2 protein chains.
Amino acid sequence: MGTTKAENFTDRQNRLAQMMKALGHPARIAIIQELLNAKTCICNELVNELGLAQATISQHLKELKNVGLIKGTVEGTSTCYCIDPKGWKQYRQQMDAFFVSYEGKNNCC
Amino acid sequence: MGTTKAENFTDRQNRLAQMMKALGHPARIAIIQELLNAKTCICNELVNELGLAQATISQHLKELKNVGLIKGTVEGTSTCYCIDPKGWKQYRQQMDAFFVSYEGKNNCC
DNA sequence: CGCATTCATCGTAATATTGCAATTAATATG
DNA sequence: CATATTAATTGCAATATTACGATGAATGCG
């Protein structure tokens, strides 16, 4: 085991979980925040800022790219990463939809 | 390794990541949605609904309780779980704050 | 009390994740 | 062209997660 039984759940549930999971690591939160604060593309500066090895940062960037939160464009020898507006918007909508679903419901305990 | 280097990040980043992670599994998403749809406490019905062993559900419930999203109250031999309004609200605020931080910023690529 | 029901916990197996050093690929620069 | 720089990839080691069966604790019921 150690494997999630994805077949027990709906596609929607699996996707939502995957989105949450992508942000379920402080390094990936930190990367996003760095990208936001710099207001610009950052590349290997993340390695300097975050105190993790280059290979590790690269891996986290890949995961963030996979879920569509960021995109990377090659610029010479370095790569420029920044928020993907579309992916970000979708994320926000999904999150909102999830959390909104509770509002106004009365609890039993 | 396999261990997150939490000391590299701020408390806030670690906490936010932990919150995301708690919802980063389809079973836990499904549990929350079950609790929402039922509008009432559910206990071992989750085991029937979700197709996972009782021990597994119990573990997921524990994690959701740990991050404050749900609370459980013992009722006889069974236990009633439901959304914790306070925890839910805090979650929502944190998520909102995170996603809002991008709005209106111009991207470079 | 004796037994059933419900759920938490423990122990364990299988798999996933995190992190790094080393290597590779691609581009720039002298 | 030779070398340096940047970042992706590969291959590992250590730890975490997921899932389950078995067991235990608590409560309800005959």
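Every chain is numbered from 1 and lettered A, B, ... according to where its sequence line falls, protein lines coming before strand lines. The model shown is predicted, which means the values in this text are computed figures rather than measured ones.
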Handout entry: Side-chain donor/acceptor of B:Asn14 to backbone N/O of B:Ala6, under 3.5 Å
Key = yes

Handout entry: Atom-to-atom span, CE of A:Met1 to P of D:dT18 - whole angstrom
Key = 14 Å

Exercise for the section: Round to the nearest Å and state the distance from A:Leu52 atom CG to C:dT18 atom C1'. Expected result: 9 Å

Handout entry: Along DNA chain D (nearest heavy atom to each residue), the more 5'-positioned of A:Thr3 and A:Glu45
Key = A:Glu45

Practice task
Quickly work out the A:Lys21 NZ to D:dA16 P distance and round it to whole Å.
Solution key: 16 Å

Practice task
Describe the nucleic acid contact of B:Ala55 in one word from base, sugar-phosphate, nothing, applying a heavy-atom distance below 4.0 Å.
Solution key: base

Problem - Proximity to the side chain of A:Glu63 - top-ranked nucleotide from C:dG19, C:dT18, D:dT10 - result: C:dT18

Handout entry: D:dA8 phosphate, OP1 or OP2, under 4.0 Å from A:Ser58 side-chain N/O
Key = yes

Exercise for the section: Round to the nearest Å and state the distance from A:Gln59 atom CD to C:dA21 atom P. Expected result: 13 Å

Handout entry: Side chain proximity check, A:Val100 to B:Arg92, heavy atoms < 4.5 angstrom
Key = yes

Fill in the blank from the handout: Nearest-nucleotide check on DNA chain D, A:Thr4 vs A:Thr79; residue mapping nearer the 5' end is A:Thr79

Practice task
Return the nearest nucleotide to the side chain of B:Lys62; candidates are C:dT9, C:dC7, C:dG19.
Solution key: C:dT9

Practice task
From the options C:dT18, D:dA7, D:dT18, select the nucleotide whose nearest atom is closest to the side chain of A:Ser78.
Solution key: D:dA7

Practice task
Measure the distance from CD on B:Glu75 to C1' on D:dA26 and round it to the nearest whole Å.
Solution key: 15 Å

Fill in the blank from the handout: Side-chain contact check for B:Tyr81: nearest option of D:dT17, C:dC7, C:dT18 is C:dC7

Fill in the blank from the handout: Between A:Arg28 and B:Val47, the residue closer to the 5' end of DNA chain C by nearest nucleotide is B:Val47

Practice task
Could you tell me which non-hydrogen atom of A:Pro26 sits nearest to which non-hydrogen atom of B:Ala17, and how far apart they are?
Solution key: N-CB, 3.3 Å

Exercise for the section: Any chance you could measure B:Gln94, atom CD, to B:Met20, atom CE, to the nearest 0.5 Å? Expected result: 9.0 Å

Problem - B:Gln54 CD to D:dT23 P, straight-line distance once rounded to whole Å - result: 15 Å

Fill in the blank from the handout: Between CG of A:Leu46 and C1' of D:dA8 the distance, given in whole Å, is 15 Å

Exercise for the section: Take the protein atom NE2 of A:His60 and the nucleotide atom P of D:dA7, then report the distance between them rounded to whole Å. Expected result: 16 Å

Handout entry: Passing candidate, side-chain contact (heavy atoms from CB on, under 4.5 Å) with A:Glu63, options A:Lys21, A:Arg28, A:His25
Key = A:Arg28

